[in-house]
2 protein chains.
Amino acid sequence: MTSNRPYHHGDLRRVLLAVAVEAIEEAGPAALSLRELARRAGVSHAAPAHHFGDKSGLLTALAVEGFELLAQAMRAAGDDLLEVGVAYVGFAVRHRAHFEVMFRPDLYRADAEEVRTARERTGALLRSGVAAVSGGPDGAGDVRRNTLAAWSIVHGFATLWLAGALPPDAGGDPQASAREVIGRLFA
Amino acid sequence: MTSNRPYHHGDLRRVLLAVAVEAIEEAGPAALSLRELARRAGVSHAAPAHHFGDKSGLLTALAVEGFELLAQAMRAAGDDLLEVGVAYVGFAVRHRAHFEVMFRPDLYRADAEEVRTARERTGALLRSGVAAVSGGPDGAGDVRRNTLAAWSIVHGFATLWLAGALPPDAGGDPQASAREVIGRLFA
DNA sequence: GATCCTAACTTGTCATTGACAAGACGACCC
DNA sequence: GGGTCGTCTTGTCAATGACAAGTTAGGATC
């Protein structure tokens with residue numbers, strides 16, 4: 001057990017995050033165990049602590065990564081607000097581990113500087129998307145309310161889908177269902 | 001430490017649930033410890049297991065109670081769908097511990113019979129509320145989509161508020177903000 | 001190319017926890 | 001007043017998170 005694996009893993013931080021995503025997808029963030037991650041990565045039980053300090057440190061890193069991935073997914077969706085919303089749902093479905101951690105601030109250090117900037121960057125993206133379509137008369141107030149409405153409907157759909165709370169007829173293709181539902185907001 | 005407390009607590013099950021709500025409100029469901037609950041209730045560390053089997057058993061009971069309380073709150077809101085939505089948000093805010101557990105199926109036995117019936121009862125209430133206002137032409141399809149949209153926006157708002165993800169200007173009175181946002185869906 | 005320096009990782013340990021087994025207690029019934 | 005069963009306790013075990021102290025090697029400096 002001692003031999004051919006090099007002492008310095010070289011990429012352990014990244015591997016641990018990847019393995020954490022796997023584990024969370026299998027059993028949820030509550031069941032996450034640092035020692036289990038170490039086992040999957042093939043390192044000693046204390047190795048994760050070196051890179052992340054403690055469990056919440058690891059989840060903090062995951063949350064930051066999540067907000068960055070989400071911003072990226074939203075940017076890739078283009079200028080159509082409807083498609084940005086669909087991309088939000090798509091992100092939640094494809095990166096459910098990240099998503100579940102991001103909006104569970106009791107699991108990590110939500111007040112950490114890196115988290116706040118990552119989250120703020122993503123939020124600004126959403127607001128500007130809403131502002132682009134809210135050409136109504138009373139600008140600012142409308143944008144605020146419309147942002148809240150758009151974010152709520154998209155986030156709610158994603159959350160309910162992940163929780164398995166939706167009736168089976170919405171389950172097949174979440175992105176298609178989401179498109180219908182979000183469209184309802186613009187009708 | 002041995003004396004005046006009676007051996008049979010008499011109401012332990014209910015007390016444990018109440019104490020669990022307190023603990024979850026303080027530190028989130030992830031940090032919940034059965035032994036800590038026992039300490040707060042003034043009983044031995046194994047007493048909770050007798051009533052709930054294990055941790056997920058306790059959370060299952062909490063979830064069932066939560067779905068019942070939610071149904072009750074929605075019924076009390078009357079026939080106006082907007083007010084039902086506001087009541088949904090109000091429930092989430094006032095019973096955040098229940099709410100947070102209810103939609104985290106990895107924490108409890110979501111497939112338990114009691115859970116499924118309680119959840120189904122609540123879902124039916126929502127659907128009938130939506131059906132009452134969806135007087136449109138193609139009945140069933142519209143009701144399905146409108147239910148999903150209404151539930152999503154309300155659930156999303158509640159979830160984001162609980163996660164502390166909303167910008168501060170939405171924080172003051174969540175129910176008032178929710179009313180604005182939900183109104184946006186009917187405009 | 002020897003030395004040092006520091007980041008990366010390991011071994012060892014402790015308090016806490018969830019789960020289980022076995023036993024003590026007492027309310028209720030006949 | 002003797003059983004009986006649900007309620008609660010004591011005792012224990014493996015697993016976990018956190019921390020302390022030691023080990024290894026990559027790379028800079030001379």
Side-chain angles (χ1 to χ4, degrees), chain A residues 1-20 22-24 26-63 101 104-110 112, chain B residues 1-20 22-24 26-63 101 104-110 112:
Chain A
M1 212 52 183
T2 48
S3 48
N4 58 6
R5 175 166 46 82
Y7 196 95
H8 285 72
H9 188 288
D11 207 18
L12 185 54
R13 191 189 145 94
R14 189 178 310 269
V15 169
L16 285 173
L17 285 175
V19 164
E22 277 180 28
I24 292 174
E26 288 169 18
L32 191 68
S33 145
L34 289 184
R35 287 171 112 105
E36 167 69 15
L37 296 187
R39 252 172 263 132
R40 293 194 191 202
V43 293
S44 83
H45 64 86
H50 173 69
H51 288 279
F52 300 103
D54 59 2
K55 196 171 177 175
S56 72
L58 187 145
L59 293 175
T60 302
L62 248 184
V101 172
R104 217 157 290 183
D106 55 311
L107 292 181
Y108 63 96
R109 286 188 279 276
Chain B
M1 211 52 184
T2 48
S3 49
N4 59 5
R5 175 165 45 81
Y7 196 96
H8 284 72
H9 189 288
D11 205 18
L12 186 55
R13 191 189 144 94
R14 189 177 310 269
V15 168
L16 284 172
L17 286 175
V19 163
E22 277 179 28
I24 293 174
E26 289 170 18
L32 191 68
S33 146
L34 289 184
R35 287 170 113 105
E36 166 69 15
L37 296 188
R39 253 172 262 133
R40 294 194 189 202
V43 293
S44 84
H45 64 85
H50 173 69
H51 288 278
F52 301 103
D54 60 3
K55 195 169 177 175
S56 71
L58 186 144
L59 292 175
T60 302
L62 247 184
V101 171
R104 217 157 290 183
D106 55 311
L107 292 181
Y108 63 98
R109 287 189 278 278

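We name chains A, B, ... by the order of the sequence lines, and we start the count at 1 in each one. Quick caveat, the model's predicted, so the values are computed rather than measured.
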Discussion item. Please tell me if B:R35 has a side-chain N or O lying less than 4.0 Å from either OP1 or OP2 of C:dA15.
Written reply: no
Item to complete: Ignoring backbone atoms, test whether B:S33 places a side-chain nitrogen or oxygen under 4.0 Å from the OP1 or OP2 oxygen of C:dT16.
Response: no
Response to the item:
Of all heavy-atom pairs linking A:L107 and A:P29, the shortest is CD1-CB, 3.8 Å
Discussion item. Ignoring hydrogens, what is the shortest heavy-atom contact between B:A20 and B:L37? Give both atom names and the distance.
Written reply: CA-CD2, 3.7 Å
Under 4.0 angstrom, heavy atoms only, what part of the nucleic acid is [X] near: base, sugar-phosphate, or nothing?
{"X": "B:L37", "value": "nothing"}
{"X": "A:A46", "value": "base"}
{"X": "B:L58", "value": "nothing"}

Practice prompt. Identify which nucleotide among C:dA19, D:dT7, D:dA18 has an atom closest to any side-chain atom of A:D54, counting heavy atoms from C-beta outward.
Written response: D:dA18
Interatomic distance, [X] [atom1] vs [N] [atom2] [rounded to whole Å]:
{"X": "A:F52", "N": "C:dA7", "atom1": "CZ", "atom2": "C1'", "result": "15 Å"}
{"X": "A:D11", "N": "D:dG26", "atom1": "CG", "atom2": "C1'", "result": "16 Å"}
{"X": "B:L32", "N": "C:dT16", "atom1": "CG", "atom2": "P", "result": "17 Å"}
{"X": "A:H50", "N": "C:dT11", "atom1": "NE2", "atom2": "P", "result": "16 Å"}
{"X": "A:L107", "N": "D:dG17", "atom1": "CG", "atom2": "C1'", "result": "15 Å"}
{"X": "B:E36", "N": "C:dT16", "atom1": "CD", "atom2": "P", "result": "12 Å"}
{"X": "B:H51", "N": "D:dC8", "atom1": "NE2", "atom2": "P", "result": "4 Å"}

Side chain proximity check, [X] to [Y], heavy atoms < 4.5 angstrom:
{"X": "B:I24", "Y": "B:L59", "answer": "yes"}
{"X": "A:F52", "Y": "A:L17", "answer": "yes"}
{"X": "B:R109", "Y": "B:D54", "answer": "yes"}

Worksheet entry | First of B:R39 and A:H45 reached from the 5' end of DNA chain C, by closest nucleotide | A:H45
